[in-house]
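Keep in mind that the numbers below use all heavy atoms, side chains included, and drop hydrogens, waters and symmetry copies. To find a chain, count down the sequence lines: A is the first, B the second, and so on, and within it residues start at 1.
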Amino acid sequence: MTQHSDAAGASASDAAPTSIAARAMASLRPQGSPYLEGLNAEQRRAVEATDGPVLVLAGAGTGKTRVLTTRIAHLIATGKARPFDILSVTFTNKAAREMKHRIGGLIGPAGEGMPWLGTFHSIGTKILRRHAELVGLRSDFTILGMDDQLRLMKQVIVDQNIDEKRWPARALSSAIDGWKNRGLLPEQVPPGEAQAFAFGKGGALYSAYQARLLTLNAADFGDLLLLCLKLWRENPDVLENYQQRFRYILVDEYQDTNVAQYLWLRLLAQGHRNVACVGDDDQSIYGWRGAEVDNILRFEHDFPGAVVVRLERNYRSTGHILAAASGLIAKNEGRLGKTLRTEDVAGEKVTVSGAWDSEEEARQVAEAIESLQVKQHPLSEIAVLVRISAQMREIEDRFVQLGLPYRVIGGPRFYERAEIRDALAYLRVTANPSDDLAFERIFNTPKRGLGDATLQALHAFSRAQGVPLLQAARLVVETDELKPRARSGVRALVESFSRWSRLVGSQPHSEVAQTILEESGYTEMWQKEKSADAAGRLENLKEFVRSMEEFPDLAAFLEHVSLVMEASEQEGADRVSLMTLHAAKGLEFDTVFLPGWEDGLFPNQRALDESGRAGLEEERRLAHVGLTRARKRAKLSFAVNRRIHGLWSSTVPSRFIDELPEDSVDVLDAPAHFSAGASRFDRNPTPFGSSYGTPGWQRAQANTAQSGNANGYGVGNRTPTNRGGPRQIEGELIAKSTGAPSAFSVDMRVFHTKFGPGTVAGVDGNKLTVDFDKAGRKMVLDSFIQAA
DNA sequence: AGAACGCCAATTTTT
DNA sequence: TTGGCGTTCT
């Protein structure tokens with residue numbers, strides 16, 4: 001069938017979109033279906049099984065996104081659906097963007113106009129805005145970020161006279177999030193659980209919190225889905241409208257859905273029952289965040305008659321890596337079972353090596369990276385994946401010391417940084433004077449002499465008059481409620497906001513933002529601050545204002561930021577990537593280093609304590625995710641001693657190491673070169689002396705590192721190949737340092753992105769000894785330094 | 001208001 | 001060992 005009757009029927013009334021689809025079809029038909037070419041049999045089955053429920057179990061590297069996007073192209077090209085008939089949900093904005101992009105590549109501009117392709121939350125928002133009044137909101141409700149949410153919770157806790165120290169907002173927040181993740185409204189929370197928090201007040205707090213949200217005309221992230229459920233349950237006609245609208249539903253990363261998302265999907269899917277879920281139970285690593293692996297395990301039960309397609313052919317990794325990953329994940333019991341296979345060569349075995357301590361492990365990783373670099377491997381094809389962020393420090397330190405360029409992926413997101421949240425708060429109040437949470441945030445930032453007492457007075461007034469804080473402030477300055485000092489401060493603020501509000505619409509919004517940041521004294525506040533990160537924050541603010549230009553108006557920009565908590569990662573420079581295993585999902589690299597495979601760290605003790613066997617299995621899936629990120633090389637390591645919370649403790653290699661299939665693993669051991677010499681037990685006595693970091697010093701270090709084994713541990717990891725590494729690198733560094741005289745001299749004031757401002761104490765080629773104001777004396781490469 | 005101290009806790013993190 | 005937080009002192 002090439003032309004679905006509904007599509008044809010609608011074409012008269014809905015000419016424009018259909019004609020785009022028709023054009024797309026026309027352009028495709030002459031060649032048949034070129035987009036299907038190059039798919040393997042299973043992928044093709046997953047694409048062509050258009051009707052009825054479908055579960056695609058897509059192992060790592062098996063072409064999951066390709067199937068998803070081709071499926072959409074297929075639906076459109078065959079006329080089974082128009083772009084706006086298809087609901088396609090992902091978890092992250094990145095995934096949504098990627099899909100849009102690839103669909104565009106497959107079917108041309110027709111793919112651009114997929115209005116229902118997005119994250120659960122963005123689609124939930126879109127739906128809620130249309131029917132906001134049915135759940136007690138106005139359509140311009142604000143979406144609260146984590147920080148607003150916590151502030152609000154704190155208020156609710158205090159209002160209910162609960163000791164905020166015994167029952168911190170954090171704990172309440174996680175309880176409420178948990179309930180929302182499970183699709184539970186306050187009245188639906190099991191009494192037992194509601195009782196458990198704050199002497200039986202859990203339920204009341206949840207209700208009170210929801211009530212506060214409504215008065216603020218705000219929703220938190222959980223609400224974006226939960227309120228859809230409420231909306232649909234209470235308004236069957238609205239639900240039916242959406243059920244009819246979405247002829248086809250596609251879900252990415254189904255293994256990560258929580259109960260609320262599952263219910264959300266199930267309600268919608270009850271219309272046409274054409275729901276295709278793509279996921280991999282072996283990559284479910286977000287259980288701690290409410291994801292239910294059970295959703296994917298139960299799919300066939302929930303959607304009877306479902307077609308299940310397994311994608312097991314891996315196009316990413318070489319044989320040994322795949323064998324190692326498969327062997328490991330096979331130890332899990334709660335899984336649907338897949339066996340990844342490849343037609344690629346066996347390739348290099350996965351390597352396992354030990355180090356005396358975590359510092360040495362970091363050194364070994366850095367050294368191995370340098371030796372790859374010497375062999376012309378791009379740094380951008382190398383990643384270091386750790387279990388917890390705390391592991392990054394030692395590795396970063398080492399990279400900084402060697403001048404090895406790296407980038408940390410993940411970490412605090414752009415829009416979560418304090419300066420950005422502050423700037424946003426100003427804009428939010430300007431755009432929406434009733435945004436009390438935003439108002440409170442910047443009420444006294446920068447300092448304008450307004451303290452708690454003033455805020456309390458405003459709150460009291462606001463409650464008494466039933467008006468937002470800003471309005472209350474406007475009224476209060478006309479009275480004698482406040483002391484003169486506070487009164488003038490509040491008046492200035494109120495007048496500023498009136499002025500700024502008038503600017504909106506008459507000036508480009510990025511200019512308005514710029515004006516606000518300047519007139520409020522906010523920019524000045526950071527200029528005066530001279531801590532290490534102030535410069536970076538100002539830089540972020542500039543970037544923030546610049547990024548506004550991409551949006552048509554202030555409202556559109558604010559909507560974007562509340563949902564898309566990310567900054568555009570600047571690509572380009574050749575750098576090693578450093579991130580947690582969680583952040584690595586979905587990425588791939590030629591070479592992957594996996595340090596810290598020690599029991600207690602990985603699998604993580606806490607996961608084990610809190611979730612027992614399920615926790616262990618999730619950790620194992622995390623290991624599987626880590627291994628399958630590698631195309632050609634996976635390098636595991638562990639340390640025998642690690643500093644945990646400041647104390648050194650001895651550790652035991654991860655149980656996962658012994659679960660790897662022997663045939664695919666190379667244990668690197670060269671006891672003779674075990675480099676205990678450079679461990680903390682035998683440190684260079686003058687690490688900050690002026691000769692530190694010179695080629696000669698480095699040579700000395702390299703020699704020490706090669707000399708003898710002070711301890712009895714038999715596992716080291718210096719292979720004959722990378723033993724030549726340091727010397728060549730050293731050659732490189734010499735070459736660099738003799739190339740041009742340094743632009744820096746002693747006593748010069750400089751700035752380093754990591755260590756902040758400092759004074760040059762010594763110059764040696766391209767290496768500087770700098771006395772940092774905050775970080776003390778460090779050796780750094782001049783390329784990491786700017787004149788201050 | 002801001003520095004300075006002491007205490008406590010300490011995975012993973014998107015929207 | 002760090003960092004975040006609240007308290008107390010200037």
*How are the rings of Phe551(A) and Phe557(A) set to each other: parallel, tilted or perpendicular (split at 30° and 60°)?*
perpendicular
*Report yes or no: does Asp357(A) contribute a side-chain atom to a donor-acceptor pair with the main-chain N or O of Glu360(A) at less than 3.5 Å?*
yes
_Check the orientation of Trp232(A) and Trp264(A). Use parallel for under 30°, tilted for 30 to 60°, and perpendicular for over 60°._
tilted
*Is the aromatic ring centre of Phe91(A) closer than 5.5 Å to the centre of the six-membered base ring of dT14(B), with the two planes inclined by less than 30°?*
no
_Touch class at under 4.0 angstrom, heavy-atom based, for Gly222(A) against every strand present_ = nothing
*asked:* Give me the distance, rounded to whole Å, that separates dT13(B) from dG4(C) when you measure between the P atoms they each carry.
replied: 16 Å
*Taking only N and O in the side chain of Asn181(A), is any of them less than 4.0 Å away from OP1 or OP2 of dT15(B)?*
no
_Pairwise 5' ranking along DNA chain B for Asn444(A) and Ala583(A), keeping only the more 5' one_ = Asn444(A)
*Provide, to the nearest angstrom, the distance between the CD1 atom belonging to Ile285(A) and the C1' atom belonging to dT13(B).*
10 Å
*Could you check whether Asp220(A) gets within reach of a base, just the sugar-phosphate, or nothing at all, counting any heavy atom under 4.0 Å?*
nothing
*Can you find a side chain N or O atom of Ser389(A) that sits less than 4.0 Å from OP1 or OP2 on dT12(B)?*
yes
*Can you check the Leu608(A) CG to dT12(B) P distance for me, whole Å?*
16 Å
*To the nearest angstrom, how far is Gln605(A) atom CD from dA10(B) atom P?*
15 Å
*Looking only at atom C1', what distance separates dG3(C) and dT14(B), rounded to whole Å?*
24 Å
*When the distance from CD1 of Ile127(A) to C1' of dT15(B) is rounded to whole Å, what number comes out?*
15 Å
*Tell me: CZ of Arg606(A) to C1' of dT13(B), nearest whole Å?*
14 Å
_Position toward the 5' end of DNA chain B (nearest nucleotide), Arg448(A) or Arg289(A)_ = Arg448(A)
*asked:* Classify Glu394(A) by what it touches in the nucleic acid, base, sugar-phosphate, or nothing, heavy-atom distance under 4.0 Å.
replied: nothing
_Out of dT13(B), dT15(B), dT11(B), whichever nucleotide has its closest atom nearest the side chain of Trp288(A)_ = dT13(B)
*Nearest-Å distance for atom pair CG/P, residues Asn604(A) and dA10(B)*: 12 Å
*Nucleotide by nucleotide, 5' to 3', does protein get under 4.0 Å of the base (B), only the sugar-phosphate (S), or neither (-) in nucleotides 1-10 of chain C, counting heavy atoms?*
BS----S---
*Compute the ring centroids of His582(A) and Tyr286(A), then answer whether they are less than 6.0 Å apart.*
yes
*Would you kindly give the CG-to-C1' distance between Leu227(A) and dT15(B), to the nearest whole Å?*
15 Å
*asked:* Under 6.0 Å between ring centres: does that hold for Trp597(A) and Phe602(A)?
replied: yes
*Are Glu619(A) and Arg655(A) ion-paired here, with the side-chain N under 4.0 Å from a carboxylate O?*
no
*Side-chain donor or acceptor of Gln283(A) paired with backbone N/O of Gly279(A) under 3.5 Å*: no
*Considering only side-chain heavy atoms of Lys447(A), which listed nucleotide, dT12(B), dT15(B), dG2(B), is closest?*
dG2(B)
*Could you state the atom-to-atom distance from CD1 of Ile388(A) to P of dT11(B) in whole Å?*
7 Å
*Given the side-chain rings of Tyr242(A) and His131(A), with only the six-membered ring counted for Trp, is the space between their centroids under 6.0 Å?*
yes
*For Asn93(A) and dT14(B), is the shortest distance between a side-chain N/O and OP1 or OP2 below 4.0 Å?*
no
*Looking for any heavy atom pair under 4.0 Å, which part of the strands does Gln261(A) touch: base, sugar-phosphate only, or nothing?*
nothing
